[in-house]
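Contents: one structure, followed by commentary.
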Amino acid sequence: MAQLDIVDVGHSYTPGAGEKQWALKPLRLTFEAGKTYALVGPSGCGKTTLLNILSGLVKPSQGQVLFDGADVTALPTKARNIAQVFQFPVIYHSMTVYENLAFPLQCRRWDKARIDAKVHQVAEALDLDDRLGQPARRLTADDKQLISLGRGLVRDDVAAVLMDEPLTVIDPQLKHSLRRKIREITEQFQPTVIYVTHDQYEAMSIAQEVLVMRDGQAMQQGTPEQLFEAPSSAYVGYFIGSPAMNFLTLDRAHQEFTLGGRTLAVAWDIPESTSEVQVGIRPEYVKVVTEPGPNTFAARLRGVQDHGPQRVLEIDVAGQPIKAKVPREDGVPAIEEFLVHLPRAKALPYSDGYLVLQS
Ligand SMILES: Nc1ncnc2c1ncn2[C@@H]1O[C@H](COP(=O)(O)OP(=O)(O)OP(=O)(O)O)[C@@H](O)[C@H]1O
């Protein structure tokens, strides 16, 4: 498995049209060997373009693609030694499940015993071991896609496994277990995986690192925890997490920040020249409390959404709408006006849509 580096890679499908036409704005990225990465973002943000640049399907307008330090930018897909899994299963219907999994290894002239051991290992990980003798054409679309995944993961000599929305055809009921299976398999076999999805849950549950994209730009790369706890922009705060992160506009006098006339006790040091400051706080950290104290603010209940084991309270604080995600057993505040606590450690400063970094 290889480390993949993107060095000042940018791409425009309309060469010569200028910067505004970038499908992928020039960027530098490193995908470390043996890790699983998700590229996530809305339709048209450049995920597939980046994946296709890695696979060699698209030659970038500028920059270099390195596999373990070797420049592969000019190499075609076939010469890059990668495995690809697409939205729809790519399998041989005339072959059995076993033959489908063994085929890429036979092509690489592995000996029979080694192929047999590997096929059984991967089939077991995918829960396909009881169906190895079945003709692949008889399988459901879900199981066919499992074989596609298996074929991608069976070769441990590939530089990387590139997956483009591989769970699109999967029954929603099965998606959850398949995500878990992909996570288990990648932990077991440790391939370098680049996984494209527009679904934040999929990205956060499968990948060790997630790259959030917007308009051909990498907005933030980090672990699921980093993206949740410290979004570097309001965009990432909105895109990751459900409901989205709350943003409340503050009044300020030098380094004193207030909300509806009450002080928000935070240890921020924000330049005076910084325009409008907002506090960003995840709905999970907004707590309904009964006793006034530091960082408690008067709140008014506007509505309640039922999210199964949790409830989302729609609240007004100082005339601004926010949401609180609370365990179901906490119940709904019995009165329309109550207090919410915004914990200092979870309150982050934003200005002009970006996190204001603290020294
Ligand atoms: N072959 C192409 N020719 C011209 N423009 C293209 C081509 N492929 C993609 N684009 C444009 O490049 C931009 C990025 O598209 P890309 O397919 O990489 O995004 P994406 O995030 O993968 O979206 P989706 O999830 O819809 O596939 C979009 O504006 C798209 O319209």
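The basis for the numbers below is simple: all heavy atoms, side chains too, and nothing from hydrogens, waters or symmetry mates. Ligands are counted one by one from 1 in listed order, and the atoms in each one are counted from 1 as well.
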Report task. Taking all non-hydrogen atoms of both residues into account, name the closest pair between V236 and M219 and its distance. Result -> CG2-CB, 4.0 Å
Query raised in the report: Are any side-chain N or O atoms of D316 and backbone N or O atoms of G319, one a donor and one an acceptor, separated by less than 3.5 Å?
Result: no
Report task. Please confirm whether G41 comes under 4.0 Å of ligand 1, counting heavy atoms of the residue only. Result -> no
Query raised in the report: Any idea which atoms of ligand 1 are less than 4.0 Å away from a heavy-atom of P42?
Result: 21 (O)
Requested in this report: Could you please spell out the steps behind the side chain to side chain donor-acceptor pair (under 3.5 Å) verdict for Q21 and S12?
Outcome: CA-CA 6 Å; Q21 299 295 318; S12 166; 5.9 Å; no
**Report entry** Option nearest atom 15 (O) of ligand 1 (shortest heavy-atom distance, choices V58, V196, T49)
**Finding:** T49
Requested in this report: Around atom 28 (C) of ligand 1, find the nearest protein heavy atom and jot down its residue, atom name and distance.
Outcome: G44 O, 3.7 Å
Report task. Kindly indicate whether atom 6 (C) of ligand 1 is approached by any protein heavy atom to under 4.0 angstrom. Result -> yes
**Report entry** Protein residue, atom and distance nearest to atom 25 (O) of ligand 1, heavy-atom basis
**Finding:** K47 NZ, 3.1 Å
Query raised in the report: Is any heavy atom of the protein nearer than 4.0 Å to atom 31 (O) of ligand 1?
Result: no
Requested in this report: For Q64 and D71, test the side chains for any donor-to-acceptor distance below 3.5 angstrom and give the result as yes or no.
Outcome: yes
Requested in this report: Step through the shown structure and confirm whether more than 12 heavy atoms of other residues, nucleotides or ligands are within 6.0 Å of CZ on R328.
Outcome: yes
Report summary line: The closest protein heavy-atom partner of atom 10 (N) of ligand 1 is Y13 CE1, 3.4 Å
Query - Distance from atom 19 (O) of ligand 1 to nearest protein heavy atom, with residue and atom - result: G46 N, 3.1 Å
Report summary line: The protein heavy atom nearest to atom 27 (O) of ligand 1 is T48 OG1, 3.5 Å
Query raised in the report: Is the CD atom of E225 crowded by more than 12 outside heavy atoms at less than 6.0 Å?
Result: no
Requested in this report: Inspect the contact between K175 and D142 and indicate whether a charged nitrogen and a carboxylate oxygen are less than 4.0 angstrom apart.
Outcome: no
Query - Over all atoms of both residues, closest heavy-atom pair of S351 and T274 - result: OG-CG2, 3.1 Å
Query - G216 to ligand 1, any heavy atom closer than 4.0 Å - result: no
Query raised in the report: Nearest to atom 26 (O) of ligand 1, what protein heavy atom do you find, and at what distance?
Result: S43 OG, 2.5 Å
Requested in this report: Find all atoms of ligand 1 within a distance of less than 4.0 Å from any non-hydrogen atom belonging to C45, and give their numbers and elements.
Outcome: 19 (O), 20 (P), 21 (O)
Report summary line: Here the atoms of ligand 1 under 4.0 Å from any heavy atom belonging to A23 are 12 (O), 13 (C)
Query raised in the report: P231 and Y350: which non-hydrogen atoms are nearest, and at how many Å?
Result: O-OH, 2.6 Å
